[in-house]
Amino acid sequence: MIQQTDFFFEGGRRGVLLIHGLTGTPMEMKLLGKGLNRAGFTVHGMQLAGHCGDVDDLLATGWRDWYASVEQAADAMLGKVDQLFVGGLSMGALLALKLAADRPGRIAGVGVYGATFRYDGWSIPPLARLSFLLPLLKKLGIGRDRSFMEQPPYGIRDERLRAQVSTAMLSGDSAAAGLPGNPWYSLAEMYGLAASVRRQLRQVTSPCLVAHASDDDVASLKNAQLVMREVSAPTELLLLDDSYHMITIDKERRTLIDRSAAFFDGIVASNDMQRAAA
């Protein structure tokens, strides 16, 4: 049974759509959402299709379903705000970039948080680093019931928080902490999304705040560097030295909130100046 765990915080006419990661939950975006709301933004932490249920719920969906739910949430937000920003964590960052590529002129800016095109961080086991081969295995019908189980430190440097999240995750509460493993077929879908987004990065013309843990255990800095190098937009890099992959909830989340709010505010001010000059 899928539980609905998305959140909506009413604010001003500047909006932010927040997108969680693969096998994740809107809860991983909630602290960031609250901080942006305190800074005056209307915030929706959306829930991707197939998430916050069990493995079968997730396997019943693919990346096109996940992206369709992003588009639906963006359309709803565009009816409520004058300027829409989008931010995503991990795979959510890829979905945010795709939305910006597909809708030039509609997305004011992008928060690219821990972008994950490949699982190549230091905690990823050698076998799991071959997961880019999974689309082929899926095409051959191999491994539908297999998963890569999450490994310590679970993307979290804060040991107390890590203990809380891992307990919830391993207890089966996917609505609170996500699934404890990544099904092979869902990872295959993620790699299909990553290939699609890589081809579209040049189409991203919205300014991007690229935030990444310098010691990311799940996705190396090469993922952030790819975005910085390929998008056709102004970029700003924020490296977080005391966090792991889950930068929206880890030790430096307040820095991420403050820098995100300042980045988005700067775009609003620039757009206002351009309109006044016209």
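- A distance-only check finds no donor-acceptor pair linking the side chain of Thr25 to the backbone of Cys52 [under 3.5 Å].
- With hydrogens and angles left out, the side-chain atoms of Thr116 and Asn223 include no donor and acceptor closer than 3.5 Å.
- Side chains of Arg253 and Leu32 form no contact here, defined as non-hydrogen atoms less than 4.5 Å apart.
- A donor-acceptor contact closer than 3.5 angstrom is absent between the side chains of Gln47 and Ser69.
- At a threshold of 4.5 Å between non-hydrogen side-chain atoms, the residues Asp145 and Trp184 do not count as touching.
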Side chain to side chain contact (heavy atoms under 4.5 Å, CB included) assessment of Thr5 paired with His51: CA-CA 10 Å; Thr5 62; His51 286 70; over 6 Å; no
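- To the nearest 0.5 Å, atoms CG (Leu95) and CG (Leu17) are separated by 10.0 Å.
- Within the 4.5 Å cutoff, no side-chain heavy atoms of Pro152 are placed close to those of Ser166.
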Check against side chain to side chain contact (heavy atoms under 4.5 Å, CB included), Phe85 and Phe263: CA-CA 10 Å; Phe85 299 88; Phe263 186 78; over 6 Å; no
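- Between atom CZ of residue Phe7 and atom CG of residue Leu18 there is a gap of 5.5 Å, rounded to the nearest 0.5 Å.
- Side-chain atoms of Asn182 and Tyr119 include no donor-acceptor pair closer than 3.5 Å.
- Thr42 contributes a side-chain N or O that, together with a main-chain N or O of Gly11, makes up a donor-acceptor pair within less than 3.5 Å.
- Between the side chain of His20 and the backbone N or O of Met27, no donor-acceptor pair lies under 3.5 Å.
- The only option from Leu58, Thr23, Val55 that meets the side-chain contact (heavy atoms from CB on, under 4.5 Å) definition with Ser186 turns out to be Leu58.
- Nearest heavy atoms, Thr235 versus Val231: CG2-CG2, 3.4 Å.
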Walk me through whether Phe8 and Met77 qualify under side chain to side chain contact (heavy atoms under 4.5 Å, CB included). CA-CA 10 Å; Phe8 185 84; Met77 282 288 280; 3.9 Å; yes
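- Between the side chain of His44 and the backbone N or O of Gly15, no donor-acceptor pair lies under 3.5 Å.
- A donor-acceptor contact shorter than 3.5 Å is absent between the side chain of Asn271 and the backbone of Val268.
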Could you go through Arg106 and Leu84, starting from their C-alpha distance and side-chain angles, then the distance that decides it, and tell me whether this counts as side chain to side chain contact (heavy atoms under 4.5 Å, CB included)? CA-CA 7 Å; Arg106 303 301 305 278; Leu84 178 61; over 6 Å; no
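- Looking only at atom types and distance, the side chain of Tyr113 has a donor-acceptor partner in the side chain of Ser260 under 3.5 Å away.
- Side-chain N or O atoms of Ser206 include one that pairs as donor or acceptor with a backbone N or O of Ile107 at under 3.5 Å.
- Contact annotation: the side chain of Met91 approaches that of Leu48 to within less than 4.5 Å [non-hydrogen atoms, C-beta and beyond].
- Taking 4.5 Å as the limit, every side-chain heavy atom of Met246 sits out of range of all side-chain heavy atoms of Asp158.
- The environment of CZ in Arg198 is sparse: at most 12 heavy-atom neighbours from other residues, nucleotides or ligands sit within 6.0 Å.
- A single hydrophobic cluster is not seen to contain both Ile2 and Leu59; linkage of ILVMFWY side chains at heavy-atom distances under 4.5 Å, directly or through other members, places them apart.
- Listed by chain and number, the residues in a side chain to side chain donor-acceptor pair (under 3.5 Å) with Arg13 are Asp82 (sequence neighbours excluded).
- Annotation: side chain of Gln200 is in contact with side chain of Asp102 (closest heavy-atom distance under 4.5 Å).
- Summarising the geometry, atom CE belonging to Met46 is positioned 10.5 Å from atom CD belonging to Glu71; distances are rounded to the nearest 0.5 Å.
- Annotation: Glu159, atom CD; neighbour count of heavy atoms from other residues, nucleotides and ligands within 6.0 Å does not exceed 12.
- Put simply, Leu256 and Ile267 are part of the same group of oily side chains (I, L, V, M, F, W, Y) that touch within less than 4.5 Å, one to the next.
- Note: Leu237 CG to Cys208 SG = 11.5 Å, rounded to the nearest 0.5 Å.
- Residues Leu226 and Val218 fall within the same hydrophobic cluster, defined by Ile, Leu, Val, Met, Phe, Trp and Tyr side chains chained together at heavy-atom separations under 4.5 Å.
- Residues Val204 and Met228 are members of one and the same hydrophobic cluster, defined by side-chain heavy-atom contacts under 4.5 angstrom among Ile, Leu, Val, Met, Phe, Trp and Tyr.
- Residue Leu22 comes nearest to Leu187 through the heavy atom pair CD2-CD2, 3.9 Å, listed as atom of the first residue, atom of the second, then distance.
- A donor-acceptor pair under 3.5 Å links the side-chain atoms of Asp65 to the main chain of Gly62, judged by distance alone.
- The shortest heavy-atom contact between Trp63 and Ser196 is CH2-OG, 3.9 Å.
- The environment of Lys34 atom NZ is sparse: at most 12 non-hydrogen atoms of other residues, nucleotides or ligands sit within 6.0 angstrom.
- Of the inter-residue distances, the one linking Tyr185 atom OH with Arg146 atom CZ reads 11.5 Å to the nearest 0.5 angstrom.
- Of all heavy-atom pairs between Ser147 and Pro183, the closest is OG-CA, 3.3 Å.
- For the pair Ser90 and Gly21, the tightest heavy-atom approach, listed with the atom from each and the gap, is CB-CA, 4.5 Å.
- Leu94 and Ile124 fall within the same hydrophobic cluster, where Ile, Leu, Val, Met, Phe, Trp and Tyr residues are linked whenever their side-chain heavy atoms come under 4.5 Å apart, directly or through other members.
- For the atom pair CD1 (Ile156) and CD1 (Ile247), the distance works out to 12.5 Å, reported to the nearest 0.5 Å.
- Judged by distance alone, with hydrogens and angles left aside, the side-chain atoms of Asp120 form a donor-acceptor pair with the main-chain N or O of Ser220 at under 3.5 Å.
- Here Thr61 pairs with Trp66 under the side chain to side chain donor-acceptor pair (under 3.5 Å) rule; sequence neighbours left out.
- Other residues, nucleotides and ligands place no more than 12 heavy atoms under 6.0 Å from the CD atom of Gln72.
- The shortest distance between side-chain heavy atoms of Thr248 and Leu31 does not fall below 4.5 Å.
- Counting only heavy atoms from C-beta outward, the side chains of Leu97 and Leu201 approach each other to under 4.5 Å.
- A distance-only check finds no donor-acceptor pair linking the side chain of Ser270 to the backbone of Gly266 [under 3.5 Å].
- A salt bridge does not link Glu252 with Arg157: none of the charged nitrogens is closer than 4.0 Å to a carboxylate oxygen.
- Residues Val81 and Gly12 approach most closely at CG1-O, 4.3 Å, considering heavy atoms.
- Judged by distance alone, with hydrogens and angles left aside, the side-chain atoms of Asn37 form a donor-acceptor pair with the main-chain N or O of Glu10 at under 3.5 Å.
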